K.L.:
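The following block contains the structure, expressed as structure tokens.
By convention here, the first residue in the shown sequence is residue 1. Treat the numbers as computed from the prediction; the structure is a model and nothing was measured. Quick note: numbers below take in every heavy atom, side chains included, and nothing from hydrogens, waters or symmetry partners.
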Amino acid sequence: MKYTTIKEHHLFAKTFQKGQRVSLRYLSVFVLTDYAAKRLAKEHPQKKCYNRFGVSVTKKIGGAVQRNRAKRLLRTAYRQIEPELKTGYLVVLTPREEILSVKEPAVEAELRKAFSKLDLFLQKDPENT
């Protein structure tokens, strides 16, 4: 499933200022409840609520090639985890410089750890397990 991206600067700024943050070794995750989620769900063709997702990379990470690699790693890891997450949130990921020295499975594991700290995973039914 293709995720919906955050494109507006004010949404990034609001998420950074008012959202919950978890900072780990390779990345930081900012999460804020999306107050427009119900309105956007009505406009969605399948009438589903979803998360809006963004990546913010500073020049501290390196040149354009390094920044694009960091963004690619974060998008891939998020795409793997997204079906397991609760919906109706603004999610912004910011990489740290150490992300360039690792492969995608390490980034995905770190992202899972951050989302579990933020309690964003869907609850599994104990009857089905």
Side-chain angles (χ1 to χ4, degrees):
M1 180 175 125
K2 183 158 173 59
Y3 51 80
T4 305
T5 57
I6 299 174
K7 296 180 182 82
E8 297 90 8
H9 179 268
H10 68 94
L11 291 175
F12 279 101
K14 188 185 293 187
T15 306
F16 286 137
Q17 291 170 1
K18 297 181 181 179
Q20 293 179 304
R21 179 182 73 183
V22 171
S23 295
L24 299 172
R25 184 173 179 191
Y26 304 128
L27 55 97
S28 294
V29 179
F30 296 85
V31 175
L32 181 68
T33 303
D34 190 1
Y35 296 109
K38 289 182 182 177
R39 179 180 54 83
L40 292 171
K42 288 179 185 176
E43 297 170 2
H44 193 269
Q46 298 165 343
K47 306 296 183 206
K48 288 185 179 178
C49 192
Y50 53 88
N51 290 333
R52 291 194 280 172
F53 167 74
V55 178
S56 176
V57 184
T58 65
K59 287 189 176 182
K60 280 198 251 181
I61 299 297
V65 173
Q66 287 84 11
R67 290 196 306 269
N68 285 330
R69 180 172 186 274
K71 286 190 273 189
R72 216 171 32 249
L73 284 169
L74 290 175
R75 282 192 212 113
T76 304
Y78 181 78
R79 198 175 295 125
Q80 298 295 320
I81 298 172
E82 185 186 25
E84 304 169 26
L85 296 177
K86 294 177 185 176
T87 58
Y89 292 95
L90 296 172
V91 178
V92 177
L93 305 178
T94 58
R96 294 177 174 252
E97 295 175 37
E98 294 84 13
I99 199 168
L100 298 174
S101 64
V102 297
K103 300 282 185 195
E104 192 269 329
V107 176
E108 184 179 339
E110 187 108 333
L111 196 55
R112 284 184 183 280
K113 189 175 179 182
F115 283 139
S116 66
K117 283 186 178 185
L118 291 166
D119 194 32
L120 280 183
F121 282 111
L122 292 170
Q123 300 299 321
K124 302 225 180 197
D125 290 334
E127 298 170 1
N128 294 340
T129 56

K.L.:
Quick one: list whatever passes side chain to side chain contact (heavy atoms under 4.5 Å, CB included) with Ala114, sequence neighbours left out.
P.N.:
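Testing Ala114 for side chain to side chain contact (heavy atoms under 4.5 Å, CB included), a comparison that skips the adjacent residues, returns Val22, Leu24, Val29.
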K.L.:
Of all residues at least two apart in sequence or in a different chain, which pass the side chain to side chain contact (heavy atoms under 4.5 Å, CB included) check with Glu104?
P.N.:
Leu73, Thr76, Ala77, Gln80, Glu108
K.L.:
If I take atom CG from residue Leu32 and atom CD from residue Gln17, how far apart are they, to the nearest 0.5 angstrom?
P.N.:
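CD of Gln17 is found 10.5 Å from CG of Leu32.
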K.L.:
Considering residues at least two apart in sequence or located in another chain, which fulfil the salt bridge (Lys or Arg N to Asp or Glu O under 4.0 Å) criterion with Lys86?
P.N.:
Asp119
K.L.:
Do any side-chain atoms of residues 8-15 form donor-acceptor pairs under 3.5 angstrom with protein atoms, and if so which ones, sequence neighbours left out?
P.N.:
| unit_1 | atom_1 | unit_2 | atom_2 | d |
| --- | --- | --- | --- | --- |
| Thr15 | OG1 | Leu11 | O | 2.7 |

K.L.:
Show the nearest heavy-atom pair for residues Ile99 and Ala70, with the distance to one decimal.
P.N.:
CG2-CB, 3.9 Å
K.L.:
In the structure I gave you, are the side-chain heavy atoms of Val107 and Leu27 within less than 4.5 Å of one another anywhere?
P.N.:
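They are in contact (side-chain heavy atoms under 4.5 Å apart), so the answer is yes.
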K.L.:
Is any side-chain heavy atom of Val31 less than 4.5 Å from a side-chain heavy atom of Leu90?
P.N.:
no
K.L.:
I'd like to check Ser28 versus Arg96 (side-chain heavy atoms, cut-off strictly below 4.5 Å). Are they in contact?
P.N.:
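Contact flag for Ser28/Arg96 side chains = yes.
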K.L.:
Mind jotting down which residue pairs meet the salt bridge (Lys or Arg N to Asp or Glu O under 4.0 Å) criterion with at least one end in residues 15-33? Sequence neighbours excluded, please.
P.N.:
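For residues 15-33, and leaving out neighbouring residues, there are no salt bridge (Lys or Arg N to Asp or Glu O under 4.0 Å) pairs at all.
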K.L.:
Taking side chain as C-beta onward, heavy atoms only, is Arg112 less than 4.5 Å from Ile81?
P.N.:
yes
K.L.:
Are Val55 and Val92 packed together at the side-chain level, in the sense that at least one heavy-atom pair is separated by less than 4.5 angstrom?
P.N.:
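No, every pair of side-chain atoms sits at 4.5 Å or beyond.
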K.L.:
Shared ILVMFWY cluster between Phe121 and Leu74, side chains joined below 4.5 angstrom?
P.N.:
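Phe121 clusters together with Leu74.
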K.L.:
Taking only residues two or more places apart in sequence, or in another chain, which ones meet Phe30 in a ring pair (Phe, Tyr, Trp, His ring centres under 6.0 Å)?
P.N.:
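Result, ring pair (Phe, Tyr, Trp, His ring centres under 6.0 Å) vs Phe30: Phe16.
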K.L.:
List the residues meeting ring pair (Phe, Tyr, Trp, His ring centres under 6.0 Å) with Phe115, not counting sequence neighbours, and say none if there are none.
P.N.:
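Once residues adjacent in sequence are excluded, Phe115 has no partner under the ring pair (Phe, Tyr, Trp, His ring centres under 6.0 Å) criterion.
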K.L.:
Could you give all pairs that pass the salt bridge (Lys or Arg N to Asp or Glu O under 4.0 Å) test and reach residues 60-75, with sequence neighbours left out?
P.N.:
none
K.L.:
Mind checking whether Val91 and Val57 sit in one hydrophobic cluster, side chains of I, L, V, M, F, W, Y counted as touching below 4.5 Å?
P.N.:
yes
K.L.:
Restricting to non-hydrogen atoms, name the atom on Ala37 and the atom on Cys49 that form the minimum distance, rounded to 0.1 Å.
P.N.:
CB-SG, 3.7 Å
K.L.:
Taking C-beta and beyond as the side chain, do Leu40 and Arg52 meet within less than 4.5 Å on heavy atoms?
P.N.:
yes
K.L.:
Just jot down the side chain to side chain donor-acceptor pair (under 3.5 Å) partners of Asn51, sequence neighbours excluded, or say none.
P.N.:
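Side chain to side chain donor-acceptor pair (under 3.5 Å) list for Asn51, sorted by chain: empty.
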K.L.:
Quick one: list whatever passes side chain to side chain contact (heavy atoms under 4.5 Å, CB included) with Ala109, sequence neighbours left out.
P.N.:
none
K.L.:
Look at the side chain of Gln66 and the backbone N and O of Ile61, then say whether any donor-acceptor pair between them is shorter than 3.5 Å.
P.N.:
no
K.L.:
Sorted by first residue and then second, give each ring-ring contact (aromatic ring centres under 6.0 Å, His included) pair with at least one member in residues 56-100; sequence neighbours left out.
P.N.:
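Every pair satisfying ring-ring contact (aromatic ring centres under 6.0 Å, His included) with a residue in residues 56-100: Tyr3-Tyr78, Phe53-Tyr78.
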K.L.:
Is there side-chain contact between Pro95 and Tyr26, with at least one heavy-atom pair below 4.5 Å?
P.N.:
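They are not in contact (no side-chain heavy atoms under 4.5 Å apart), so the answer is no.
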